[in-house]
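Keep in mind that this is a model prediction, so the values were computed, not measured.
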Amino acid sequence: MGFNSEVAPNRPKGYDMPEGDEQDSQVGRRNRRARTWMAVFQLALVVAIVALIALLYSIVNDSFGLAAVENAVDPHQIMAGVQEQRMLAAPNTTSSEDDEEIAIAVAANPYAIGFFGYSYYSNHVDTLSVLSVDGITPDASTVESGAYPLARPLFLYASQKSTANKPEVAAFLGYYLRHVSDVIGDAGYFPVSAERPGDAQMLLEKAAKGGIPEAIGSGKIAITGSSTLHPLTLQIAGDFRDIEGYTGAIVVDSTGTKAGYARLCDAQDVDIVGSSRAMTRQELAACNDLRVRPIELRIGSDAVAVVVSKQNSFLTDITAAELEQIFSGAARWSDVNAAWPDEPIERVIPGADSGTLDFMASSIVRGTPEELSPAEMVPLIQANVSKGVFRRFESEMPFADRSQADIYRLLEERVIQPRVLASWSLTASLLRRDEIELEALTQHPEANLIWYRWLSMDFLTQPQSSVPEHAGVRTAILGSIWVVLITILVAVPIGIGTAIYLEEYASHSGLHRIIQTNIDNLAGVPSIIYGILGLAIFVRALEAITSGSALGVSDPTTANGRTVLSAGLTLALLVLPVVIINAQEAIRAVPKSLREAGYGLGATKWQVTWTHVLANALPGIFTGTILAMSRALGETAPLIVIGASTFITQDPTGPYSKFTVLPMQIYQWTSRPQAEFKHIAAAASLVLLALLLLLNGSAIYLRNRFSKTL
């Protein structure tokens with residue numbers, strides 16, 4: 001039963017208010033619908049939160065974790081090279097490739113110090129004293145056990161070509177390996193403790209077991225290398241002639257280990273090199289590049305003896321740290337230890353080509369390449385890059401004006417060249433650490449397993465690179481800032497002005513409805529369509545303007561209009577409908593009473609719009625505008641169409657520059673097959689998310705601030 005006109009005279013005729021059970025049923029239906037929609041909204045919220053958590057988990061999981069990193073050049077080797085230069089350049093330093101000269105010079109001066117192979121000390125025990133290092137004196141037991149800090153292995157190196165093509169070389173090496181233990185002690189060295197020879201040794205011994213065929217009785221064997229091994233090799237070469245009856249020529253030179261490696265691989269005029277240190281990875285790679293395959297043969301051990309004259313009365317023991325000070329340029333003995341005499345230090349050391357000098361420098365050096373001075377780093381860079389690349393670095397910014405950190409970055413990128421050979425996600429690194437360590441040790445024995453942060457300060461400050469370990473997002477961040485800035489400058493004033501006109505000034509005519517309908521429809525147009533529009537208008541039709549050639553400021557690389565300006569204008573078109581609609585909604589939300597109050601006080605329409613309507617609509621306008629800019633920041637499709645760069649290392653410097661943006665950078669990296677690019681794509685995604693959160697947080701802050709002000 002409904003209300004009659006007497007009870008509710010103001011009710012429209014025919015309007016009935018449900019009562020009783022019907023009213024309860026209607027209320028129940030509405031409550032059920034409300035609960036249903038509330039459940040749908042809550043489920044949607046839960047799905048959105050789960051999706052966001054999954055996204056964050058995925059990109060964080062790929063941005064951090066364990067990595068097997070191998071350097072093209074060992075940083076310790078770099079420091080050893082620098083230490084070697086310091087030793088050679090230290091004042092009061094004399095160098096010689098002849099260890100006999102070193103022994104004589106040290107013996108004649110009570111304030112002199114030198115070092116060489118232990119065998120040379122054995123020949124001069126009457127005039128020289130050997131120092132213990134860190135309390136350990138070199139002898140058979142300390143050298144064999146490795147307790148003596150300056151113990152080192154001794155090697156022979158021969159090319160596979162020589163051993164295969166010259167039977168006399170294989171025969172000599174076989175004899176050397178079978179008999180070296182018999183004479184090595186007499187020469188002042190220590191035999192190899194391991195009984196089982198390596199594969200190469202077994203092959204060579206097998207080749208020489210039958211004695212010397214007549215066909216090789218007159219061949220020439222050329223031997224060079226370490227002065228340390230020179231006496232031992234001479235003795236075995238003599239026994240090879242006398243005992244085995246070899247009648248060919250055996251030439252044994254002493255040029256130093258480093259020079260011997262060069263002759264074996266570069267000149268290829270020698271068959272065997274005696275070495276007081278193992279080949280470095282770089283030296284081995286250089287040989288392989290020249291198609292020389294060296295065979296490494298361990299023949300014994302030696303100790304580098306640090307010696308002083310018998311006349312020296314104050315020095316019997318020395319530490320590795322004191323050795324580093326002495327041979328790096330300390331002027332007087334008292335500068336190293338106050339208890340020692342205030343006398344100049346006279347240093348007598350092996351020459352630059354000596355493996356003994358290399359070994360000593362490597363043993364006493366301290367620190368890392370990052371601690372080197374710019375004056376020490378620049379020559380290292382110059383020696384490892386081409387002249388053209390070095391001139392480019394110098395022209396970009398003179399090395400004299402660069403910071404130590406900037407020069408070290410170049411040193412790391414161009415010389416040390418760390419490479420990630422394998423990488424693992426954060427979850428795998430935490431849950432499968434033991435398995436990963438075993439896998440890294442098995443598959444990459446020379447690599448270091450370290451925790452690797454793909455997202456770092458260097459990642460934010462370095463430009464794009466084809467090497468993922470050195471790639472950064474600086475250029476992409478700057479490009480994104482330039483593009484969004486132009487988008488804001490174009491879209492915001494036009495969008496807000498259009499909204500004010502449509503809401504406050506335009507009459508609600510048919511034309512108004514057509515314009516409004518088109519704006520609403522444009523907000524839903526796919527972004528790639530705007531890219532096609534931008535390509536047609538800004539890149540091609542307005543190329544003279546967007547490239548800067550009309551103003552005489554164009555760059556040859558950007559004369560085609562594919563510039564920051566074109567990208568900003570295209571994205572301005574993309575977000576313009578969204579800015580207009582959001583501004584309209586904010587303006588409509590301003591109560592009409594405020595307008596009427598302004599008119600009642602005699603204000604003009606523009607005064608009311610500016611001081612009342614626009615001021616009260618600002619929180620909503622700011623929110624909608626910044627959200628629209630967030631969309632522009634994450635767009636990729638329209639920028640691909642207008643020609644954004646996928647690889648660029650030059651930072652944008654103005655609206656007429658070539659550019660890339662963060663979404664493009666992420667897209668380009670995810671398309672690469674290497675696993676490491678997946679990690680830096682995840683790190684770049686975190687940077688993009690951080691920028692989006694910053695923009696959205698700014699929207700919330702501005703909305704709240706202006707709401708309180710008003």
Side-chain angles (χ1 to χ4, degrees), residues 59 62-63 67 69 72 381 385-386 388-389 392-393 395-397 402 405-420 423 452-485 555-558 560 562-568 633-692:
I59 59 180
D62 285 332
S63 298
V69 181
I381 297 172
V385 301
S386 65
V389 171
R392 177 166 61 83
F393 290 154
S395 63
E396 289 174 355
M397 178 184 292
R402 293 177 183 261
D406 186 37
I407 297 176
Y408 174 72
R409 182 183 63 79
L410 291 176
L411 178 69
E412 183 181 46
E413 180 178 346
R414 294 289 180 163
V415 182
I416 300 176
Q417 299 181 34
R419 294 291 183 269
V420 175
S423 56
Y452 206 91
R453 295 180 299 131
W454 297 95
L455 178 60
S456 63
M457 186 56 66
D458 288 340
F459 181 72
L460 297 176
T461 57
Q462 289 181 356
Q464 167 75 296
S465 173
S466 59
V467 180
E469 294 83 0
H470 300 302
V473 292
R474 185 188 72 200
T475 303
I477 290 175
L478 293 176
S480 294
I481 292 173
W482 269 104
V483 170
V484 171
L485 180 62
D555 188 285
T557 61
T558 59
N560 56 7
R562 302 177 186 273
T563 60
V564 170
L565 182 58
S566 296
L633 182 63
E635 282 293 342
T636 305
L639 300 182
I640 293 176
V641 175
I642 68 170
S645 301
T646 56
F647 184 88
I648 182 174
T649 58
Q650 185 176 0
D651 296 337
T653 56
Y656 305 111
S657 300
K658 291 179 66 176
F659 73 99
T660 192
V661 292
L662 272 172
M664 284 290 299
Q665 196 77 85
I666 296 170
Y667 164 77
Q668 193 262 343
W669 282 337
T670 53
S671 65
R672 301 289 291 271
Q674 296 92 334
E676 289 71 34
F677 282 102
K678 180 183 70 172
H679 293 294
I680 59 176
S685 298
L686 281 178
V687 175
L688 180 60
L689 279 177
L691 290 177
L692 290 173

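Between the side chain of Gln464 and the backbone N or O of Thr475 there is no donor-acceptor pair closer than 3.5 Å. Using modelled atom types, one side-chain atom of Thr660 and one backbone atom of Ser645 make a donor-acceptor pair closer than 3.5 Å. Panel note: side chain Ser685, backbone Ala681; a donor-acceptor pair is recorded below 3.5 Å. Remark: side-chain polar atoms of Arg402 are paired, donor with acceptor, to backbone N or O of Met397 under 3.5 angstrom. Of the possible donor and acceptor atoms, one in the side chain of Arg562 sits under 3.5 Å from a partner among the backbone N and O of Ile642. Thr563 contributes no side-chain N or O that, together with a main-chain N or O of Ser657, makes up a donor-acceptor pair within less than 3.5 Å.
A donor and an acceptor atom, one from each side chain of Ser423 and His679, are located under 3.5 Å apart.
Tyr452 has its ring centre less than 6.0 Å from the ring centre of Trp454.
Separating the CG atom in Leu565 from the CZ atom in Phe659 is a distance of 10.0 Å, to the nearest 0.5 Å. Taking CG of Leu478 as the reference point, atom CD of Gln650 lies at 12.0 Å (rounded to 0.5 Å). Distance check, rounded to the nearest 0.5 Å: NZ of Lys678 to OG of Ser671 gives 14.5 Å. Rounded to the nearest 0.5 Å, atoms CD1 (Ile648) and CE (Met664) are 10.5 Å apart. Between the CG atom in Leu639 and the OG1 atom in Thr646 there is a gap of 12.5 Å [rounded to 0.5 Å]. Atom OG of Ser480 sits about 7.5 Å away from atom CG of Leu688, to the nearest 0.5 Å.
Of all heavy-atom pairs between Phe647 and Ser465, the closest is CE1-C, 3.7 Å. The shortest heavy-atom contact between Val467 and Glu469 is CG1-OE1, 2.9 Å.
For Tyr667, the OH atom sits in a loose shell: 12 or fewer heavy atoms of surrounding residues, nucleotides or ligands are nearer than 6.0 Å. Counting non-hydrogen atoms of neighbouring residues, nucleotides and ligands closer than 6.0 angstrom, the CZ atom of Arg474 exceeds 12 such neighbours.
The side chain to side chain contact (heavy atoms under 4.5 Å, CB included) check on Trp482 picks up Val564, Pro652, Pro655, with sequence neighbours excluded.
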Hey, mind stepping through Thr636 and Val661 against side-chain contact (heavy atoms from CB on, under 4.5 Å) and telling me if it holds?
CA-CA 8 Å; Thr636 305; Val661 292; over 6 Å; no
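Among residues at least two apart or in separate chains, salt bridge (Lys or Arg N to Asp or Glu O under 4.0 Å) pairs with a member in residues 407-419 are Asp406-Arg409, Arg409-Glu413.
Using a 4.5 Å cut-off on side-chain heavy atoms (C-beta onward), Leu411 and Ile407 make no contact. The side-chain heavy atoms of Phe459 and Leu686, taken from C-beta on, include no pair separated by under 4.5 Å.
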